[in-house]
Amino acid sequence: MASQMSERIVQLLNEIEELKARREKEIEEFRVRYLGKKGEVTKLFEEFRNVLPEQKKEFGRKLNELKQAAAAKIEALKASLEEAAETPECSFDLTKPGDACELGTRHPISITREEIIAIFNKLGYSLAEGPEVEDDYHVFEALNFPPDHPARDMQDTFFISSGKSPILLRTHTSSVQVRTMERRKPPIRVICPGRVFRNEAISARAHCIFHQVEGLYIDKAVSFADLKQAILLFVKEMFGESTQIRMRPSYFPFTEPSTEIDISCNICGGKGCNICKGTGWLEIMGAGMVDPNVLKASGIDPEVYSGFAFGMGIERIAMLKWQVRDLRHYFENDVRFLREFETSL
Ligand code: DAH
């Protein structure tokens, strides 16, 4: 009798342990089956009457443990069912279209730089680069800026070290002209994009860091007409087929003659508006025929070769193309500004 009963207790404990329910109804059935008036556990309590007095203590404890285990299991099943109801098995609608993943956009300066490079690539210009930390020789001296020449003041320089040939942050990408001529023999046709630095107060129209693209073409019998043609082709691709150019005489130490180039205002088509300040023209770059002294300094014979160079600010080109009014926008990384260029990807 006693051994039968203890076997039954173990059996029921195992059974109860294994119980699983997916519905409340099933849990209620379990309760009735084990703890109800005619339930299995209740029946054992009735049989307990017949247990020998010396065994009562042990069986009483085992029976109570069984009853508690059954009650605890039923509570646990109820709790897990409630929890499952709060978090349904599949809480999302799999047929719903997904949320679009937010993509970044390329920066307008990068877009413009790539476009300028692509246009000149078509004209046969290859890419050349040079260091941002430069020496005085490559930024000034080899470009025909004599020491103490007032033209140096045109570009307020950040110096890193002073001395005989000071180390500085390049103020223009014209330094890459020099580095290229030192390395290569003509014909040379390069486009040199890069970051430049000037000690300027930051405002809507000036920044201490900006980007330029330098162009250089050296060969036998390169003429001013070739310069004009190359720039005209470039502006038509960049700003539209109807764009015109105007060349004004200017001065740069490294070119002779020198010119500043304007394009017909792409907003008003040259009639005059507030963007072009009523003139119908917008300045876009400096250019000229490479000064013989510059060729000589880099080991190119000016009697055999001639060439032209030009330099433009990428921020300025992008401003004119997209009517950006304030240079500072480029450096703030405000996504609302950057998103405006999404369609230009
Ligand atoms: N380096 C000049 C500047 O930063 C721009 C420039 C003008 C570059 C004339 C040239 C050039 O190559 O021929 O203001």
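- For residues 295-313, there are no side-chain hydrogen bond (donor to acceptor under 3.5 Å, both in side chains) pairs, not counting sequence neighbours.
- Annotation: cation-pi geometry satisfied between K56 and F48 (NZ/CZ under 6.0 angstrom from ring centroid, within 45° of ring axis).
- Side-chain contact between T243 and N266: absent, with no pair of heavy atoms (C-beta onward) separated by less than 4.5 Å.
- Considering only residues two or more places apart in sequence or on other chains, E237 meets the side-chain contact (heavy atoms from CB on, under 4.5 Å) condition with I119, K122.
- Listed for the T255 side chain is no donor-acceptor partner under 3.5 Å among the backbone atoms of S258.
- Residues D326 and H329 bring no donor and acceptor atom of their side chains to less than 3.5 Å of each other.
- In this view, E214 satisfies the salt bridge (Lys or Arg N to Asp or Glu O under 4.0 Å) rule with no residue, not counting sequence neighbours.
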Item to check | Test log, rule salt bridge (Lys or Arg N to Asp or Glu O under 4.0 Å), inputs R179 and E134 | outcome: CA-CA 11 Å; R179 294 222 169 249; E134 261 292 8; 2.6 Å; yes
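- For F254, the ring-ring contact (aromatic ring centres under 6.0 Å, His included) partners are F145, H172, F252, not counting sequence neighbours.
- Of all heavy-atom pairs between M5 and L63, the closest is CE-CD1, 3.7 Å.
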Item to check | Residues E15, Y34; criterion side chain to side chain donor-acceptor pair (under 3.5 Å); working and verdict | outcome: CA-CA 10 Å; E15 230 179 88; Y34 296 103; 2.5 Å; yes
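- Legend: side-chain hydrogen bond (donor to acceptor under 3.5 Å, both in side chains) pairs involving residues 157-168, not counting sequence neighbours: none detected.
- Taking R195 as the reference, E132, F197, I209, H211 meet the side-chain contact (heavy atoms from CB on, under 4.5 Å) condition, with sequence neighbours excluded.
- Two rings, from F120 and F234, have their centers less than 6.0 Å apart.
- E260 and S250 are linked by a side-chain donor-acceptor pair at a separation below 3.5 angstrom, with hydrogens and angles left out of the test.
- Contact check on K62 versus E65 returns no salt bridge, with no Lys/Arg side-chain nitrogen under 4.0 Å from an Asp/Glu carboxylate oxygen.
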Considering only distance and modelled atom types, tabulate donor-acceptor pairs under 3.5 Å from the side chains of residues 124-131, sequence neighbours left out.
none

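- Pairs engaging residues 313-325 under the salt bridge (Lys or Arg N to Asp or Glu O under 4.0 Å) rule: E115-K321 [sequence neighbours left out].
- Heavy-atom minimum distance, L35 versus A70: CD2-CB, 3.8 Å.
- Residues satisfying the side chain to side chain donor-acceptor pair (under 3.5 Å) test with S80, not counting sequence neighbours, are none.
- With hydrogens and angles disregarded, no donor-acceptor distance shorter than 3.5 Å links the side chain of E83 to the backbone of A79.
- Looking at residues two or more places apart in sequence or on another chain, you find a side-chain contact (heavy atoms from CB on, under 4.5 Å) between Q11 and R8.
- Residues forming a side-chain contact (heavy atoms from CB on, under 4.5 Å) with V335 (at least two apart in sequence, or on another chain): R339.
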Atom pairs and distances, side-chain donor-acceptor, residues 277-290, under 3.5 Å, sequence neighbours left out:
{"residue": "T279", "atom": "OG1", "partner": "C276", "partner atom": "O", "Å": "2.7"}
{"residue": "T279", "atom": "OG1", "partner": "W281", "partner atom": "N", "Å": "3.1"}
{"residue": "T279", "atom": "OG1", "partner": "W281", "partner atom": "O", "Å": "3.1"}

